[in-house]
Amino acid sequence: MTQDRTHSIAPPGAGVAALLLLPVLAAGAARPSGGERQVQAAEAPGERAVISEVQEELAGTEGLDAESITVTLEDGMVALSGEVENILAHDRAIRAAATVRGVRAIDDNLTVRPSIRSDTQIERDVATALALDPATEYWEINALVSDGFVTLQGAVESLAEKSLATRVAKSVRGVRGVENEIMIDLPLDRSDEQVAHDVTELLRWNTTVDAETIEIEVDDAIVTLSGHVDSVYEKRQAGRLAEVTGVREVDLSDLDVRWTGDDGDAGLANRTAEEVQQAVRMALSLDPRIEAFKPDIEVDEGVATLTGTVDNLEAKHVAGDAARDTLGVKAVRNQLTVEPREPIADEELEERVSNALQRSPYVSNVEIDVTAVDGEIYLEGEADSWFEHYAAGNAASRIAGVTEVHNNVDVGYGRIS
């Protein structure tokens, strides 16, 4: 998995197979050089302002009790402490703090509240979630649980698959943490130069990352990113984008967070439709849920149209999101068709979705009726918030065999008239 490390991964004097300085900008899309950016860099916000902004971000994050979290700051490092309801709330808190400018690092002292569920129940549900997720159902992964903490073991073919297994395990109610010990068995012998090229292009074309100040170093399937970015969130995104085929590990220890006040590259004048199309294609190839299907992509005046078939609804949603995060894309027409690998009887599908809702940390207490008609799911019931409404739809969309979700769950408290 992508991780921050204390020391450089390459031993002193080790040869580096590939070293690239990002990015090679299209002509006319010039941005200030590194030296100019230092001159233009805005003064970082003060300590009180950073703490206040982090608290505001936490308070505005749904699925999270911000009052249970204490925020402190020292030398740009934000420390979060307190107890949260579940592991997803924990991750949402970290992500919210990571978006605040002036935060250089996060000291995670949050604890996840112990669950009343037994380890046996949690272990069973993690195994079920992995078995029923369209992307992980054929992977050989074992899950062991102790005091709510999950250890994943087995083997997959990419770092992106390993990371996805963690996310699936975290979706189960009662999980307090995940230790991912899954081994990566690379099926392809890709050169460090090929890996460096793919990482370069993905960073260069992603809207959430300013690639100009990031250097990429690849040695023996290990990617090291160095330089600086504007936020912890951007650092985490860069690490995720580096999880291309052929990578065993991503090292972010030399990628500093230093806010410059620069809003990033908005110049798209010289990016052709063919360039944007290729960038979208690479973005889609990064996710194991959609990589195998290679959807057709057309770009016309900034509108990306996705056609073809995928075998699950989550893959369709992820493809649309990846296209939207690509520079040069103004809108997305997601016309992908969902065709499951094998038909599942509606009665069985209803049971699978109902069980998935019960496994969810966010909607297990919401009474939701599930109806399946020819693979399409209809959700009926009443939730307390729009967050729960969308969480129910997302949980249903991640089940193999679901081709569409019609989310008719009403919202009681806080309803917008």
If only atom types and distance count, is the side chain of [X] paired as donor or acceptor with the main-chain N or O of [Y] below 3.5 Å?
{"X": "Thr61", "Y": "Ala96", "result": "no"}
{"X": "Asp192", "Y": "Ala221", "result": "yes"}
{"X": "Thr136", "Y": "Leu130", "result": "yes"}
{"X": "Thr326", "Y": "Ala322", "result": "yes"}
{"X": "Ser364", "Y": "Pro361", "result": "no"}
{"X": "Arg92", "Y": "Leu88", "result": "no"}
{"X": "Glu157", "Y": "Asp185", "result": "no"}
{"X": "Ser385", "Y": "Glu388", "result": "yes"}
{"X": "Ser163", "Y": "Ala160", "result": "no"}
{"X": "Glu275", "Y": "Thr272", "result": "yes"}

Report yes if some heavy atom in the side chain of [X] is under 4.5 Å from a heavy atom in the side chain of [Y]; otherwise report no.
{"X": "Trp139", "Y": "Glu161", "value": "yes"}
{"X": "His197", "Y": "Gln194", "value": "no"}
{"X": "Val84", "Y": "Asp65", "value": "no"}
{"X": "Val329", "Y": "Val280", "value": "yes"}
{"X": "Asn142", "Y": "Thr151", "value": "no"}
{"X": "Val223", "Y": "Leu225", "value": "yes"}
{"X": "Gln153", "Y": "Ile182", "value": "no"}
{"X": "Thr128", "Y": "Asn355", "value": "no"}

Output yes when [X] and [Y] qualify as a salt bridge under the 4.0 Å nitrogen-oxygen rule, no when they do not.
{"X": "Asp147", "Y": "Arg176", "value": "yes"}
{"X": "Asp311", "Y": "Arg341", "value": "yes"}
{"X": "Arg117", "Y": "Asp125", "value": "yes"}
{"X": "Arg190", "Y": "Asp198", "value": "yes"}

Distance-only donor-acceptor check, side chains His389 and Asp410, under 3.5 Å: no
Glu380 and Asn408 side chains, donor-acceptor separation under 3.5 Å: yes
Test side chain to side chain contact (heavy atoms under 4.5 Å, CB included) applied to Ile214 and Val229, step by step: CA-CA 7 Å; Ile214 302 176; Val229 290; 3.8 Å; yes
Rounded to the nearest 0.5 Å, what's the gap from [atom1] on [X] to [atom2] on [Y]? Could you check?
{"X": "Leu357", "Y": "Asn365", "atom1": "CG", "atom2": "CG", "value": "12.0 Å"}
{"X": "Arg113", "Y": "Glu83", "atom1": "CZ", "atom2": "CD", "value": "4.5 Å"}
{"X": "Leu252", "Y": "Arg240", "atom1": "CG", "atom2": "CZ", "value": "12.5 Å"}
{"X": "Glu234", "Y": "His228", "atom1": "CD", "atom2": "NE2", "value": "9.0 Å"}
{"X": "Leu313", "Y": "Asn394", "atom1": "CG", "atom2": "CG", "value": "9.5 Å"}
{"X": "Glu243", "Y": "Lys162", "atom1": "CD", "atom2": "NZ", "value": "10.0 Å"}

Greater than 12 external heavy atoms within 6.0 Å of Asp321's CG: yes
Over 12 non-hydrogen atoms of neighbours within 6.0 angstrom of CD in Glu181: yes
Pair Leu58-Val71, side chain to side chain contact (heavy atoms under 4.5 Å, CB included): steps then yes or no: CA-CA 10 Å; Leu58 294 173; Val71 181; 3.7 Å; yes
Determine the minimum heavy-atom distance between [X] and [Y], stating which atoms define it.
{"X": "Glu382", "Y": "Gly412", "answer": "OE2-CA, 3.6 Å"}
{"X": "Ala315", "Y": "Ile290", "answer": "O-CG2, 3.1 Å"}
{"X": "Ala97", "Y": "Val103", "answer": "O-CG2, 3.8 Å"}
{"X": "Val209", "Y": "Gln237", "answer": "CG2-CB, 3.9 Å"}
{"X": "Val247", "Y": "Val195", "answer": "CG2-CG1, 3.5 Å"}
{"X": "Leu284", "Y": "Ala319", "answer": "CD1-O, 3.7 Å"}

Aromatic ring pairing His406/Tyr378, orientation class (parallel under 30°, perpendicular over 60°, tilted between): parallel
Worked verdict on Ile69 versus Leu110 for side chain to side chain contact (heavy atoms under 4.5 Å, CB included): CA-CA 8 Å; Ile69 299 175; Leu110 294 171; 4.0 Å; yes
Verdict with reasoning, Thr307 to Ile297, per side chain to side chain contact (heavy atoms under 4.5 Å, CB included): CA-CA 7 Å; Thr307 56; Ile297 304 161; over 6 Å; no
Pairwise side-chain hydrogen bond (donor to acceptor under 3.5 Å, both in side chains) hits with a residue in residues 395-404, at least two apart: Glu314-Ser397
